[in-house]
Structure formats: C-alpha cells, structure tokens
Amino acid sequence: MSAPLDDRTRAIISATVPALKAHGTAITTEMYKRLLSTPAIRDLFNLSHQQDGEQPKALALAVLCYAEHINDLGALGGMVERIAEKHVGLNILPEHYPYVAEALLGAIGHVLGDAATPEIAEAWGKAYWFLADILIGREKQIYEEHEDAPGGWAGWRAFRVRSRHNETSTIASFELAPVDGGALFRHKAGQYLSFKLDVPGHGSQRRNYSISSAPGADHYRISVRRQDEGVVSTWLHDTVKVGDQLQVANPAGDFFLDESSESPVVFLTAGVGLTPVISMLGALAQAPLRRKIRYVHGADTTALAAFRPEIEALADRGVLTADFFYAKENAPAGRRGVAAHAGRVTAAWVTENLDRSATYYVCGPDSFMRDMVDALRAEKLAPKQIRYEFFGSASDPALVLSAA
C-alpha cells in the first residue's frame, strides 16, 4: 500500500482542478490513444466507447472527481468499488497498471505543455499510484473471494449457449451453462457478466451484460438488446446459436439487491434497463420473507416491454404490483395488480407515488436515471434508499460525480 499523500502533493492536485475542467477530456482522449497502441492493453477495452467518445469523457469525470476530493478520499468509496468490480469483470491485473500510468502522465504533459511542470507530473504520479494500490488491493480481495467460493473460477471460463429466446423484436435472451459441467458461482441479483469475444471481422471484444436469471439457477441468462450498428449485440443476435461457446468472467458489479433488508422495494426501469431488475425479482420471489414490491417500467410499446408476461404472472400471484408506461401507443386495459399508462415515466409521477419507506433501484438510459435520481433526492430520501446501475461508460456527470 502506498504511503498517504502528503500535504504538498494534495495541494498541487487540488490546484490542477481548473485545468482538468478545461482539458480533462482532451487529456483522457490522448491517454487512450497512447494506451490503445499496445495490443495486449487494447483488447481489454470496449472499443465502441472509444469511437463514440464516451470512455474518455467518463474517465475525465472520474479523474476530476478524484482531484476534487483529494482531501476527502473517503467520499470516493462508491466510485472505487465500481471501478474495482469493473476491473475484476475484465480481468485487469496488477501488471496492467504501469501502462495506464505511463499513458496518463504522458497525456497530461502532451495536452498541458509547459503548464505541466515537473512538480505537477510528480504529484500526479504519486496520486495515480496511491489510487492504483487501493484498487489493486481491493481487486485482489474480490478475485480471491470469487475463486474460493463454490462454483467460482479465475480468469475466463467457457460457457455453452444452452438455449436462446427472443423476448421482443430487439431483445434476445441467452441461457449459458459451463462447458466443464461444474458448479456455478451464485451471483448477487443485479450483477453482470463480462465476456471476452472473438467477433469475425472485428477481433477481440469485451462486453458486460447484466444477468437476468435469478441467483441459484444451474445457468446464467443474459438478455441483450440489439444496438444500432452495435458490433457485439448484432453478432449475438444474428450469429450466436445454441451450442456455441463464449468466454465468461465471474459475476461482478456493485449494483445488487440488498437481500438482508425488509423494506419495501420500488424498481424504476426503462428499456433494457430492466435486465438486472428481473434477476432481483427472481430472488425476491424465492425469498421466505414477502416484501412489498412495486415494478415500474417504461417502454415504447407493449410489444417492446420485455418480460411482461412474467411480471403479470407475479402480479397474479400477489408478489408485486406493476406500472407499465408506453411512450408510443395508447395504454391497454389494466389487469389485476398491473396498471398501464400512456407516455413516459416522469419525475412528477414518481414524486406523486413516492413511498418514503422503500429502497429504489433505478436502471435505464442515463437521462432516465438522472431524472429519477434527481426526483428521489429532491424528496430527501436517504442515499442508501437510492441505488442505480451504470450502463456503458457512465459519462453523465450528474450520475458519476454525485454517486461517488
């Protein structure tokens, strides 16, 4: 573990905040340009986030957050845990960190020019390795927990596609079972799987997909939405068939159901953001304690509301109540325990239907999550009552910085 940062180093880092606000994305764009010139490192990244600029933007926000909180690093616990879980999913190892250090410090010097004095370079070198050592230590703990747990494994494990099913015209589910026939690590409801994929014409690709099956099954299920021009999602939908094998890392992620709580639960989801929540619902349906559950989901049409039959079945059993919002068609008639609404889920509706005793789990597009989280915070709910998942590179400052 690195020694605590000294006062001078922290003062220099704090002084660079204005430069990071002005040039942060330029620095991280240059950093990735340097980093991705190394094939062994390039293969660790989701390159689609490089093409659309989301990854550099997200990293710039994280670096800014680190600099702004350099005198109160305890406030960054949530961000550190998310990064560590992401790294574990991608099998990031200690030997990868020096590459990042060289690329980041080189990018700072390249973008800031003469303003990047030797003192600034030294301070950021210390700050980087201080944080890197924290991450390496936490990642080591997670790797060991996974490997030692029943059904856990190290690195990548081969899984066979046992079945596939179209949930909607744009979302397909894939059931995955281990090729070795061994036991399966029990994931926390809400976590994701990371994949190392060899896509013809595109080479090695890395992706994360939420697990949509309940914990304890003999397989994992992922439910993938076809993305416009999405390299991997299109390949999965159009090419991957029953019997094919995929390389998978242990489940990871810090967005998961608190099964120890007895409080009511409200799920706020939109689009494919429902996938981790479906796993949570499976866990709750199996639990001996019956908690009050409300499921709220926004889709364009009834045909695009994935898992609607399963939700309606749970409502019929009295496990939950549900609200479906349809943005592009008239609301159909409701049924027992299920209400249908025309339009989108709005902050005003959430406020009007607020349950102050509930824990809220929010997942969907960034703009949806920002609206929902802002509405819940405006009602002064405790931070532990508001939980949300980051999709993609999490480049929305209202979510990234406020969640740190």
Side-chain angles (χ1 to χ4, degrees), residues 1-21 23-25 27-28 31 54-90 92 94 96-97 100-101 103-105 107-108 120 122-143 145 190-192 208 252-256 258 362 366 369-370 373-374 377 381-404:
M1 178 65 69
S2 294
L5 294 174
D6 58 82
D7 291 344
R8 181 172 180 273
T9 296
R10 287 187 283 107
I12 293 173
I13 296 298
S14 293
T16 64
V17 166
L20 292 175
K21 288 181 177 179
H23 306 291
T25 301
I27 290 171
T28 53
M31 187 208 82
E54 290 300 292
Q55 191 72 56
K57 182 179 176 183
L59 180 60
L61 289 169
V63 172
L64 173 61
C65 191
Y66 181 42
E68 289 182 325
H69 291 83
I70 199 69
N71 293 307
D72 182 24
L73 293 177
L76 301 180
M79 185 178 77
V80 169
E81 185 66 15
R82 283 194 304 278
I83 294 172
E85 289 281 352
K86 184 77 72 173
H87 284 181
V88 167
L90 294 172
I92 302 296
H96 296 132
Y97 279 85
V100 180
L104 176 61
L105 297 176
I108 290 173
I120 287 177
E122 180 184 16
W124 267 105
K126 290 180 179 179
Y128 170 81
W129 280 110
F130 178 79
L131 180 58
D133 283 347
I134 292 174
L135 288 168
I136 290 169
R138 176 58 183 142
E139 288 155 19
K140 182 175 184 291
Q141 290 179 332
I142 299 172
Y143 282 128
E145 290 167 3
Q191 290 189 308
Y192 55 80
N208 304 318
D254 68 331
F255 177 73
F256 52 81
D258 180 3
V362 186
D366 280 1
M369 290 200 300
R370 184 178 61 246
V373 170
D374 284 351
R377 287 185 176 140
L381 292 186
K384 67 180 181 179
Q385 291 179 266
I386 309 170
R387 307 182 183 197
Y388 51 95
E389 172 69 304
F390 289 110
F391 275 164
S393 57
S395 61
D396 188 321
L399 296 174
V400 176
L401 299 184
S402 62

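Just so you know, residue 1 is the first one in the sequence shown, and it goes up from there.
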Q.
I'd like to check Leu131 versus Leu73 (side-chain heavy atoms, cut-off strictly below 4.5 Å). Are they in contact?
A. no

Q: Give, for atom CG of Asn71 and atom OG of Ser14, the distance between the pair rounded to the nearest 0.5 Å.
A: 4.5 Å

Q: Looking only at non-hydrogen atoms, find the nearest pair between Lys57 and Thr25 and report the distance.
A: CA-OG1, 4.3 Å

(Q) Show the nearest heavy-atom pair for residues Val17 and Ala67, with the distance to one decimal. (A) CG2-CB, 3.8 Å

Q. Just how far is it from atom CZ of Phe130 to atom CD1 of Ile13, taken to the nearest 0.5 Å?
A. 12.0 Å

Q. Hey, mind stepping through Arg377 and Leu381 against side-chain contact (heavy atoms from CB on, under 4.5 Å) and telling me if it holds?
A. CA-CA 6 Å; Arg377 287 185 176 140; Leu381 292 186; over 6 Å; no

Q) Quick one: are Ile136 and Lys140 in side-chain contact, heavy atoms under 4.5 Å? A) no

Q | Distance-minimising heavy-atom pair for Tyr128 and Ala101 | A | CE2-CB, 3.2 Å

Q. What closest approach, in Å, do Pro18 and Ala15 show between heavy atoms, and which atom pair accounts for it?
A. CD-O, 3.4 Å

Q) How many angstroms lie between CG in Asp254 and CD in Gln191, if you round to the nearest 0.5 Å? A) 9.0 Å

Q) Any donor-acceptor pair under 3.5 Å linking the side chain of Gln385 with the backbone of Ala382? A) yes

**Q.** Electrostatic pair Lys126-Asp6, nearest N-O below 4.0 angstrom
**A.** yes

Q. Can any side-chain N or O of His69 pair as donor or acceptor with the backbone N or O of Cys65 at less than 3.5 Å?
A. yes

Q. When rounded to the nearest 0.5 angstrom, what is the spacing between CE in Met369 and CG in Asp374?
A. 11.5 Å

**Q.** Side chain to side chain, Val63 and Leu59, heavy atoms closer than 4.5 Å
**A.** yes

Q.
As an exercise, state the distance from CD1 of Ile12 to CD1 of Ile70, rounded to the nearest 0.5 Å.
A. 11.5 Å

(Q) With heavy-atom distances below 4.5 Å as the criterion, would you say the side chains of Arg387 and Val373 are in contact? (A) no

Q. Any idea which heavy atoms bring Ala84 and Arg138 closest together, and the distance?
A. CB-CG, 3.8 Å

Q: Rounded to the nearest 0.5 Å, what's the gap from CG on Leu135 to CD1 on Ile83? Could you check?
A: 6.0 Å

Q) If every non-hydrogen atom of Leu5 is compared with every non-hydrogen atom of Thr9, which pair is closest and at what distance? A) CD2-CG2, 4.1 Å

Q) Between Lys21 and Glu68, does a salt bridge (Lys or Arg N to Asp or Glu O under 4.0 Å) hold up when you go through it step by step? A) CA-CA 10 Å; Lys21 288 181 177 179; Glu68 289 182 325; 3.7 Å; yes

Q: Taking the side chain as every heavy atom from C-beta outward, state whether Arg82 and Lys86 have any pair of such atoms under 4.5 Å apart.
A: no

Q: Check whether any side-chain heavy atom of Tyr192 sits under 4.5 Å from a side-chain heavy atom of Glu389, and report yes or no.
A: yes

Q) Does a side chain donor of either His87 or Tyr97 reach within less than 3.5 Å of an acceptor in the other side chain? A) yes

Q: Describe, in one word, how the ring planes of Tyr66 and Trp124 are oriented to each other, choosing from parallel (under 30°), tilted (30 to 60°) and perpendicular (over 60°).
A: perpendicular

